[in-house]
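Single-structure report; data block below.
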2 protein chains.
Amino acid sequence: MQPFRILIVDDHAHAREAIREILEEHEDFLIIGEGKNGEEAMKLTEELMPDIILMDIQMPVMDGLEATKRIKLKFPYVKIVMITVSDDITDLFDALKKGAQGYLIKNIQSEAWVDHLRAFALDEVPMSKEIAFQILKEFPQNKAVTKEETPLSSRELEVLQLVAKGLSNREISETLFISEHTVKSHLKNILSKLHLENRVQLTNYAFQQGLIH
Amino acid sequence: MQPFRILIVDDHAHAREAIREILEEHEDFLIIGEGKNGEEAMKLTEELMPDIILMDIQMPVMDGLEATKRIKLKFPYVKIVMITVSDDITDLFDALKKGAQGYLIKNIQSEAWVDHLRAFALDEVPMSKEIAFQILKEFPQNKAVTKEETPLSSRELEVLQLVAKGLSNREISETLFISEHTVKSHLKNILSKLHLENRVQLTNYAFQQGLIH
DNA sequence: AACATAATACCTCTAAAGAGTGATTTTAAA
DNA sequence: TTTAAAATCACTCTTTAGAGGTATTATGTT
């Protein structure tokens with residue numbers, strides 16, 4: 001069993017240190033890097049490919065919410081957990097809207113904290129329907145943002161949508177009047193840009209980004 | 001270009017006749033069958049595999065809403081359009097909750113009617129976010145129903161969920177401690193039961209049924 | 001004018017998916 | 001207790017997907 005590879009992003013060195021001390025007691029977590037702001041988070045994510053990012057919300061240069069949004073667009077597979085002192089529910093919405101899957105309060109007993117993180121790492125705590133509902137209620141129009149900022153070209157977006165609807169490469173080529181070779185080229189680039197492995201993961205991405213109905 | 005294969009289900013013969021007259025003027029629609037109630041609708045769907053079902057809501061024996069729910073569980077690929085005289089919006093929610101993708105009022109000018117149906121057949125009118133939101137608001141707990149009534153066994157449901165998360169057959173076999181052959185068997189049966197063609201379509205099904213987060 | 005990106009296409013090769021058939025064992029239900 | 005599902009595994013065969021590499025032609029953008 002490989003340990004979960006963790007990246008910590010927090011502008012306060014003492015906060016990073018506190019988290020490090022807690023996690024180092026557990027063999028299933030491995031801290032592979034630390035960053036001080038959103039910009040560093042993006043750079044480190046690309047370099048280190050962590051499984052999970054523990055991200056502070058309040059930070060200089062680029063805050064955790066902005067960093068989360070950008071990282072999730074380029075690396076949708078990475079799990080991001082926001083860490084914060086606040087327990088204001090509107091911060092939670094903001095974090096989830098940007099793409100974070102989890103949310104942990106800093107001042108919590110360390111063992112419970114680790115247990116939560118582990119459960120999250122193992123996909124045992126999916127985002128609940130209630131939370132999804134509340135987000136939808138609060139941000140009914142959060143699609144336009146995504147579309148503009150996708151790293152994909154418009155043609156790639158077309159291909160993505162057809163893939164995510166369940167068409168084969170041949171069917172896509174016939175739909176778009178291009179060769180199957182070209183479809184494969186596009187798909188190859190799409191998967192590479194989003195750091196995904198196959199068309200089912202791409203379908204997940206499409207659903208989560210609201211790119212298909 | 002193949003015509004869209006239509007099944008009409010309505011208990012009033014004159015209503016079926018009216019629809020038939022309208023659609024027969026258009027070469028891209030082909031009426032392949034007619035039914036008088038929900039029970040007949042299910043039997044005919046299995047026999048004829050229509051592309052689109054035009055389904056009345058109010059019918060004896062088994063009404064259109066119940067029939068829609070059952071048909072969508074077994075044949076998720078079939079598109080169902082509810083036809084009704086009512087313009088009560090709660091009926092629309094009910095229909096969409098049961099799995100119908102479209103909704104048409106009977107007393108409408110025939111040309112506009114056909115245009116709408118064609119747009120729908122070509123996937124040009126996805127269910128809007130607003131409607132999805134309203135459904136969610138009105139029926140926050142519509143998941144339990146689905147889970148009980150899936151035609152899949154519990155093991156098949158496990159496999160489905162792993163497929164829909166983007167795992168390969170090998171990864172699934174390692175997760176469940178069974179052979180890859182067995183995974184293939186399950187997947188084959190799942191696709192067959194749901195009348196789907198590949199794992200991306202299955203992923204769509206899983207998302208739409210709320211089987212994955 | 002030079003450069004970058006997007007879109008197109010082809011090639012090879014390996015791995016994965018899916019169709020078809022058949023068979024055994026366990027579990028649950030009639 | 002016979003029957004019916006459910007879960008397991010195997011073998012063959014064909015098609016599709018995906019990695020890796022290369023190349024041409026527009027279309028814009030400094």
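Letters A, B, ... are given to chains in the order of the sequence lines, protein chains preceding strands, and every chain is numbered from 1.
Position along DNA chain C of the nearest nucleotide to A:F177 versus A:K193 favours A:K193 as the more 5'-ward residue.
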Notebook entry, point to check: If the sugar-phosphate is the primed atoms plus P, OP1 and OP2 and the base is the rest, what is the B/S/- string for nucleotides 11-21 of chain D, using protein heavy atoms under 4.0 Å?
Noted result: B----SBBSBB
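The only option from A:V159, A:I172, A:V183 that meets the side-chain contact (heavy atoms from CB on, under 4.5 Å) definition with A:L167 turns out to be A:I172.
Residue contacts for B:S179: at a heavy-atom cut-off of 4.0 Å it reaches the sugar-phosphate backbone alone, with no base atom in range.
A search for side chain to side chain contact (heavy atoms under 4.5 Å, CB included) contacts involving A:K193 returns A:L152, A:E156, not counting sequence neighbours.
Of the N and O atoms on the side chains of B:R155 and B:N189, not one donor lies less than 3.5 Å from an acceptor on the other residue.
Side-chain N/O atoms of B:T182 include one lying less than 4.0 angstrom from OP1 or OP2 on D:dC9. B:S154 has no side-chain polar atom (N or O) that falls below the 4.0 Å cut-off from OP1 or OP2 of D:dA6.
We find that CG of B:L176 is positioned 11 Å from P of D:dA7, with the value rounded to whole Å.
In this structure, the separation between OG1 on A:T182 and CZ on A:F177 is 14.0 Å, given to the nearest 0.5 Å. Rounding to the nearest 0.5 Å places NZ of B:K165 at 11.0 Å from CD of B:E171.
Residues B:M42 and B:I71 are in side-chain contact: their nearest non-hydrogen atoms beyond the backbone lie under 4.5 Å apart. Side-chain contact between B:N37 and B:D11 is absent, with no heavy-atom pair separated by less than 4.5 Å.
The outermost nucleotides of DNA chain C lying under 4.0 Å from heavy atoms of chain B, listed 5' to 3', are C:dA16 to C:dT21.
The aromatic rings of B:F207 and A:F207 lie parallel to each other, with less than 30° between the two planes, well short of the 60° mark.
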